[in-house]
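What follows is a single structure, written as structure tokens, with notes after it.
A, B, ... follow the sequence lines: proteins, then strands. Residue 1 opens every chain. What you are looking at is a predicted structure, and each value in this text was computed from that prediction instead of being measured.
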Number of protein chains: 2
Amino acid sequence: MKNISDIFNYMVNHNNDNLNYIFHALADSTRREMVHMMAQKERTVSELAEPFDMSLAGISKHIKVLERANLVERSVNGRTHICHLNTESLSQATEWLRFYEKFWSNRFDLLESELMKAKKKEH
Amino acid sequence: MKNISDIFNYMVNHNNDNLNYIFHALADSTRREMVHMMAQKERTVSELAEPFDMSLAGISKHIKVLERANLVERSVNGRTHICHLNTESLSQATEWLRFYEKFWSNRFDLLESELMKAKKKEH
DNA sequence: TTCATATTCAACCATTTGGTTAAATATAAA
DNA sequence: TTTATATTTAACCAAATGGTTGAATATGAA
């Protein structure tokens, strides 16, 4: 890490990896369901496992994927681990999506106003 | 497809698959960059390929992933294919994220107001 | 018709993913 | 100490992913 441009590159790449992890984590119904559960209240690993027909080892892996994406944080309390959402990562993904949504709808607005102009000229 | 509950299941699963595809499509930097390019204007396949050090066959596959997610539509014009964004799918993902963001921040509001109440009682 | 351009398809390959089972770890309860 | 509970780790496996190359397809230009 030598100069400002290295730092910039680090930031961009870091952000990119983050988005890769976040979107990847959310691309799975089981994990989205887990997010849904944690949105209501924090959950232990076994609570998270309960609705699914899956081994605890499998569940453990899913949680790890959510953690890698920074979507979930864990506090160890004795032998039980308590998982809770970290919405900062959710916002990061929303920001990305919202940006392109807006970008695109602006294009439509532009198109519409161009059509209006064209229509006016006709008369 | 026999009754209303079948239809409902179809809708939920369809929606679920959709989200799987959308989030999966966005979990890749190359594809996100392509979305970025198409947000500015529609692009041919070779235009989309230009910034990347990747075979056209590879690019073609990436576009297919975006199409499966309904993020991109293609109109064939002679021998060139023109790709443009379909923001409906982007919105679908944003909606999902926004919902859980909101859900969570509401929890914080609730917590805050409970703390307020508690504080009031102290006096 | 022949040649060039734009794109996809098919076959292949290494890596990642999403799951399993069996064993290990750490803590709590008897 | 022994036993039960909560969870992870390791090793494994089939399927999916992200890429390649080489051949096929379809259209446009000469």
Quiz item: Heavy atoms under 4.0 Å, any strand shown: does B/Ser55 hit a base, just sugar-phosphate, or nothing?
Solution: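 Since a base atom lies under 4.0 Å of B/Ser55, the category is base.
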
Practice problem: Tell me what B/Gly78 touches on the nucleic acid: a base, only sugar-phosphate, or nothing, going by heavy atoms under 4.0 Å. | Solution: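 Counting heavy atoms under 4.0 Å across all strands, the contact made by B/Gly78 is with sugar-phosphate only.
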
[options]: which one has an atom nearest the side-chain heavy atoms of [X]?
X	options	result
A/Arg68	C/dG19, C/dA6, C/dT17	C/dT17
A/Ala57	C/dT7, C/dC9, D/dA10	D/dA10
A/Ser60	D/dT8, D/dT20, C/dT17	D/dT8
B/Asp28	D/dG18, C/dT7, D/dT7	D/dG18
A/Lys64	D/dT9, D/dA6, C/dT17	D/dT9
A/Lys61	D/dG19, D/dT7, C/dG19	C/dG19

Quiz prompt | Which residue lies more 5' along DNA chain C, comparing A/Val65 with A/Asn77 via nearest heavy atoms | solution =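 Closer to the 5' end of DNA chain C: A/Val65.
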
Quiz item: Does a side chain donor of either A/Asn18 or A/Ser89 reach within less than 3.5 Å of an acceptor in the other side chain?
Solution: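 A/Asn18 vs A/Ser89: no donor-acceptor pair found between side chains.
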
Exercise. Could you verify whether a donor N or O on one side chain and an acceptor N or O on the other, from A/Thr87 and B/Glu101, lie under 3.5 Å apart?
Key: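 No.
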
Exercise. Can you check whether any acceptor in the base of C/dT7 is under 3.5 Å from a donor in the side chain of B/Arg79, or vice versa?
Key: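 Flag unset: no donor-acceptor pair detected.
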
Exercise. Tell me, with the steps shown, if B/Trp96 and B/Ile22 meet side chain to side chain contact (heavy atoms under 4.5 Å, CB included).
Key: CA-CA 11 Å; B/Trp96 193 91; B/Ile22 294 169; over 6 Å; no

Quiz prompt | Presence of B/His24 side-chain N/O under 4.0 Å of D/dG18 phosphate oxygens OP1/OP2 | solution =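 So the side chain of B/His24 is within the cut-off, an N or O lying under 4.0 Å from OP1 or OP2 of D/dG18.
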
Quiz item: Does A/His81 put a side-chain nitrogen or oxygen below 4.0 Å from OP1 or OP2 of D/dA6?
Solution: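 Answer no for this pair, as no side-chain N or O of A/His81 is under 4.0 Å from OP1 or OP2.
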
Over how many whole Å does the gap from [X] atom [atom1] to [N] atom [atom2] extend?
X	N	atom1	atom2	result
A/Leu56	C/dT20	CG	C1'	13 Å
B/Leu48	C/dT7	CG	C1'	12 Å
A/Phe23	D/dT17	CZ	P	17 Å
A/Glu67	D/dT7	CD	C1'	12 Å
B/Phe52	D/dG19	CZ	P	10 Å
B/Leu66	D/dG18	CG	P	11 Å
B/Ile63	C/dC9	CD1	P	12 Å
A/His62	C/dG18	NE2	C1'	6 Å

Quiz item: Of B/Lys41, B/Gln40, B/Met34, which meets side-chain contact (heavy atoms from CB on, under 4.5 Å) against B/Met38?
Solution: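 Per the side-chain contact (heavy atoms from CB on, under 4.5 Å) rule, the option paired with B/Met38 is B/Met34, out of B/Lys41, B/Gln40, B/Met34.
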
Quiz item: With side chains defined as the heavy atoms from C-beta onward, is the minimum distance between B/His24 and B/Arg31 less than 4.5 Å?
Solution: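 Yes. Closest side-chain heavy atoms under 4.5 Å.
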
